[in-house]
Amino acid sequence: MARRYCPTCRKTVDEDVAKEGSFVIKKCPQCGYIFAKYEVKSVVK
């Protein structure tokens, strides 16, 4: 996990990484502020 500064609760926190379907969401465990949200696609050969 990475430590990040949350602009909402103004603390340095360990980001919470959650997977919902094909999306990965990195958010603050204190207030729920979303640092990043992206979709993971796999390549099948």
Side-chain angles (χ1 to χ4, degrees):
M1 280 197 218
R3 297 199 41 93
R4 288 190 147 192
Y5 174 77
C6 179
T8 304
C9 59
R10 297 184 180 180
K11 294 181 182 178
T12 302
V13 295
D14 288 322
E15 66 183 18
D16 184 28
V17 179
K19 185 174 181 186
E20 295 179 6
S22 63
F23 286 94
V24 175
I25 301 170
K26 296 180 179 183
K27 61 183 177 178
C28 175
Q30 301 274 327
C31 66
Y33 176 79
I34 296 175
F35 296 118
K37 180 178 181 180
Y38 53 90
E39 185 175 10
V40 178
K41 296 181 181 179
S42 62
V43 178
V44 179
K45 292 184 179 181

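FYI, the numbering just counts along the sequence from 1. Worth saying up front: this structure is predicted, and the values here are computed from it rather than measured.
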Completion exercise
So ring-ring contact (aromatic ring centres under 6.0 Å, His included) across residues 6-34, not counting sequence neighbours, yields Y33-F35
Handout entry: Contact summary for C28 and V13, nearest pair of heavy atoms
Key = SG-CG2, 3.8 Å
Exercise for the section: Report the hydrophobic cluster partners of I25, with the cluster defined as I, L, V, M, F, W, Y residues connected by side-chain heavy atoms closer than 4.5 angstrom, directly or transitively. Expected result: I34
Exercise for the section: Mind jotting down which residue pairs meet the side chain to side chain donor-acceptor pair (under 3.5 Å) criterion with at least one end in residues 21-31? Sequence neighbours excluded, please. Expected result: S22-E39
Problem - Which residues share a side chain to side chain contact (heavy atoms under 4.5 Å, CB included) with T12, sequence neighbours left out - result: R3, Y5
